[in-house]
Student: 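This is the structure, below, for whatever I ask next.
In each ligand, atom 1 is the first atom listed, and ligand 1 is the first ligand listed.
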Amino acid sequence: MDLGLTHPQRRLREEAASFCASVRPLLEADPEWQRQGMLSDGDSLAVNAALGREGWIGLSWPPELGGRGLGRLDATLVEEVFGYHWLPLSSYLLSYKTIGAALERYATAELRDRLLPPIARGELVFCQGFSEPGAGSDLGALSTRAVRKGDVYVVDGQKIWTSSAQLADWIYLAVRTSATEPKHRGISVLVAPMDTPGIEVRTFPTLGGGVLCEVFLDGVEVPVANLVGEANGGWTVLMHTLDFERITAEKVGGVSWLLDGVERHLAEHGRLDRSSRERLAALRGEAAAARLVSFRAADALDRGVPASHLAAMAKLGGARLVQRAAAAAVELLGLDGLAEGPAAAVGGRAAGMLRASVGSTIAGGAAEIQQLVIARRGLGLR
Ligand SMILES: Cc1cc2nc3c(=O)[nH]c(=O)nc-3n(C[C@H](O)[C@H](O)[C@H](O)COP(=O)(O)OP(=O)(O)OC[C@H]3O[C@@H](n4cnc5c(N)ncnc54)[C@H](O)[C@@H]3O)c2cc1C
């Protein structure tokens, strides 16, 4: 599809595709990769290290922070290619696209200099501790407390659904620093190494084939210097962090790969009839729309104009696309679509993606919350 890209942007995407081909043997040898449904949700430290080594992490950061001085739009164009090649991207998406972007904007110069270069080298992986048992959609209700004692905050509480906490080096934590301020004004953001005494991680399996984590925080001492943004000013930081997270071009890439694979499989088996062609074409139309919204949101971030409603549209469109495309793939493939494993139709990915797709309208903020953001910040409704 002609996306109206510039010559350097097209070259960047071709280089990204070559990189993906070069790490393919690494992936095929990884049993975890074989089990994962939606691969961009999966994790591989080996792939993250290769991304860092080859200069693919931090495209939008300045060279002195380990980046290439390009824009968020360029990074998003590349993320779609990574998704098309089904790279396990959880570490990249958390550490660079989401938390790294927030650190670049809100962290002190000292924290930025300390954390961003190793993220860009693929040597430092973050997880994101926002959700709690009593605070998900209503994130402002979070109750993990951070009490200042001299030069440290002492943190007590629990996080849940934390992706990649089992292998992360650092955690990006939303905490309550004031019990007296109205709930959205008593929140701060801290970063801490995962080996800080008092942090315990427990994993549990997901429908998607991977794991999520609970993170328990018991008397965890975090230096005040590790505060990101202002004390009690964390709400704004959290909302911008979610904007970065919600641009999901990699999901569109994964869907495009699946649709191409289904079409090829049906053609090879003499089953590509008019109705299946029409169904695939309609889904490709939805994918094109979701892709363009992601690109628009990234472009808005580059231009410094409000992007929350565009990011929410990208998230909602991408998540629903994943669900519809996975369900259609399984239906179109028939019984072949239910088998999993490399020898099955489309590498057994249709059923895996259907399993993983359930979480896509929950992770990063549930679909109803995206609709609220679009209504309030995009349409000005109250
Ligand atoms: C695969 C996956 C990965 C995740 N990774 C992370 C992570 O790394 N870090 C992290 O912090 N969290 C993570 N999460 C958690 C995720 O952010 C929350 O699950 C999500 O915000 C929803 O919160 P909740 O589960 O508490 O559900 P609830 O907030 O209890 O929502 C339950 C239902 O009620 C609806 N609802 C709630 N409020 C409203 C409202 N005002 N209007 C209309 N409907 C409403 C919701 O839309 C939803 O359908 C992950 C979740 C998944 C599925």
Side-chain angles (χ1 to χ4, degrees), residues 35-43 88-100 102 125-144 157-168 170-176 183-184 187 189-192 194 199 201-217 234-235 237-239 241-246 248 250-251 254 311-312 315-316 318-320 322-323 326 352-376 381-382:
R35 269 199 308 277
Q36 276 287 342
M38 187 72 203
L39 280 170
S40 54
D41 293 342
D43 224 328
L89 282 182
S90 183
S91 291
Y92 167 95
L93 297 171
L94 285 162
S95 310
Y96 162 61
K97 185 186 87 168
T98 305
I99 296 164
V125 168
F126 258 98
C127 64
Q128 176 167 292
F130 287 3
S131 306
E132 298 182 359
S137 301
D138 184 9
L139 191 54
L142 64 88
S143 64
T144 293
Q158 185 199 337
K159 298 293 172 180
I160 194 167
W161 318 118
T162 321
S163 305
S164 302
Q166 80 282 8
L167 46 78
W170 281 63
I171 186 164
Y172 182 75
L173 268 178
V175 292
R176 181 158 303 286
K183 66 180 188 179
H184 293 98
I187 292 172
V189 177
L190 295 172
V191 288
M194 287 297 279
I199 300 184
V201 176
R202 291 186 208 154
T203 60
F204 55 93
T206 67
L207 198 55
V211 296
L212 284 175
C213 303
E214 293 174 289
V215 179
F216 297 88
L217 303 141
W235 188 250
V237 182
L238 293 185
M239 291 304 103
T241 310
L242 291 171
D243 288 349
F244 299 131
E245 179 176 4
R246 288 172 179 163
T248 46
E250 70 284 348
K251 295 268 191 303
K315 168 74 181 58
L316 186 61
R320 290 199 169 142
V322 167
Q323 291 178 343
M353 190 160 155
L354 185 62
R355 281 188 284 108
S357 71
V358 175
S360 69
T361 44
I362 303 171
E368 292 79 1
I369 300 308
Q370 308 312 319
Q371 287 170 321
L372 284 178
V373 174
I374 296 163
R376 288 182 184 153
L381 301 176
R382 285 286 166 268

Student: Judging by distance only, is a nitrogen or oxygen of Glu132 under 3.5 angstrom from one on ligand 1?
Tutor: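 N/O-N/O distance below 3.5 Å does not exist for this pair.
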Student: Report the nearest protein non-hydrogen atom to atom 1 (C) of ligand 1: residue, atom name, distance rounded to 0.1 Å.
Tutor: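 Result: Ala363 CB, 4.0 Å.
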Student: How far is atom 19 (O) of ligand 1 from its nearest protein heavy atom, and which residue and atom is that?
Tutor: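 Here the nearest protein heavy atom works out to Ile362 CG2, 3.4 Å.
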Student: To the nearest 0.5 Å, how far apart are CD in Gln166 and CG in Leu212?
Tutor: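 CG of Leu212 is found 8.5 Å from CD of Gln166.
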Student: Distance to 0.1 Å, residue and atom name: give those for the protein heavy atom nearest to atom 41 (N) of ligand 1.
Tutor: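 That would be Leu372 CD1, 3.9 Å.
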Student: Please work out which of Pro133, Ser163, Gly365 has its closest non-hydrogen atom nearest to atom 3 (C) of ligand 1.
Tutor: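 Checking each option, the heavy atom nearest atom 3 (C) of ligand 1 is found in Ser163.
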Student: Check each of Ser164, Ser131, Ala165 against atom 16 (C) of ligand 1 and report the one with the nearest heavy atom.
Tutor: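 Checking each option, the heavy atom nearest atom 16 (C) of ligand 1 is found in Ser131.
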Student: Side chains of Tyr172 and Thr241: is there a donor and an acceptor less than 3.5 Å apart?
Tutor: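 There is such a pair (donor and acceptor under 3.5 Å, judged by atom type) between the side chains of Tyr172 and Thr241.
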Student: Would you please say whether a donor-acceptor pair under 3.5 Å links the side chains of Thr144 and Glu132?
Tutor: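 Indeed, the side chains of Thr144 and Glu132 share at least one donor-acceptor pair under 3.5 Å.
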Student: Check this for me - ligand 1, Trp161, N or O atoms closer than 3.5 angstrom, yes or no?
Tutor: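 Such a contact does occur with ligand 1.
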Student: So which protein heavy atom does atom 40 (C) of ligand 1 come closest to, and at what separation?
Tutor: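 It is Ile369 CD1, 4.1 Å.
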Student: Under 4.0 Å from any heavy atom of Ala366, which atoms of ligand 1 are there?
Tutor: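 Counting from 1, the qualifying ligand atoms are 46 (C), 47 (O).
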Student: Look at atom CH2 of Trp161 and say whether more than 12 heavy atoms of other residues, nucleotides or ligands are closer to it than 6.0 Å.
Tutor: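 Check fails, neighbour count at 12 or below.
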Student: Can you confirm whether some protein heavy atom lies under 4.0 Å from atom 32 (C) of ligand 1, or whether none does?
Tutor: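 Given the 4.0 Å limit, the answer for atom 32 (C) of ligand 1 is no, no protein heavy atom qualifies.
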Student: Under 4.0 Å from a heavy atom of Gln128: which atoms of ligand 1 are those, numbered in the order shown and with their elements?
Tutor: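 The list of qualifying atoms is 7 (C), 8 (O), 9 (N), 10 (C), 11 (O).
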Student: So, the side chain of Lys315 versus the backbone of Asp243: is there a donor-acceptor pair under 3.5 Å, distance only?
Tutor: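 It does not hold such a pair.
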Student: Can you tell which of Gly136, Ser137, Ala356 gets a heavy atom nearest to atom 28 (P) of ligand 1?
Tutor: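 Going through Gly136, Ser137, Ala356 one by one, Ser137 has the nearest heavy atom to atom 28 (P) of ligand 1.
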Student: Measure from the side-chain N and O atoms of Ser164 to the backbone N and O of Ala168, and report whether any donor-acceptor pair falls under 3.5 Å.
Tutor: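 Side chain of Ser164 to backbone of Ala168, a donor-acceptor pair under 3.5 Å: no, none is there.
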Student: May I ask you to decide if Lys183's main-chain N or O and Arg176's side chain share a donor-acceptor pair within less than 3.5 Å?
Tutor: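 Yes; judged by distance alone, with no hydrogens or angles, the pair exists.
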Student: Enter the distance from Ile160:CD1 to Ser131:OG here, rounded to the nearest 0.5 Å.
Tutor: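 If I round to the nearest 0.5 Å, the distance is 8.5 Å.
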Student: Counting from 1, what ligand 1 atoms have a heavy atom of Phe130 closer than 4.0 Å?
Tutor: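 This gives 11 (O) as the contact atoms.
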Student: Keeping the roles fixed (side chain from Arg246, backbone from Gly364), state whether a donor-acceptor pair exists under 3.5 Å.
Tutor: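 Yes, the answer is positive, given that a donor and an acceptor are paired below the 3.5 Å cut-off.
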Student: Considering only protein heavy atoms, which is closest to atom 45 (C) of ligand 1, and at what distance to one decimal place?
Tutor: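 Its nearest protein heavy-atom neighbour is Glu368 CB, 4.3 Å.
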Student: Could you tell me how the ring of Trp170 sits relative to the ring of Phe126: parallel (under 30°), tilted (30 to 60°) or perpendicular (over 60°)?
Tutor: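 Tilted.
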Student: Just heavy atoms, cut-off under 4.0 Å: does Leu212 contact ligand 1 by side chain, backbone, both, or neither?
Tutor: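 Looking at Leu212 and ligand 1, just side chain atoms fall under 4.0 Å.
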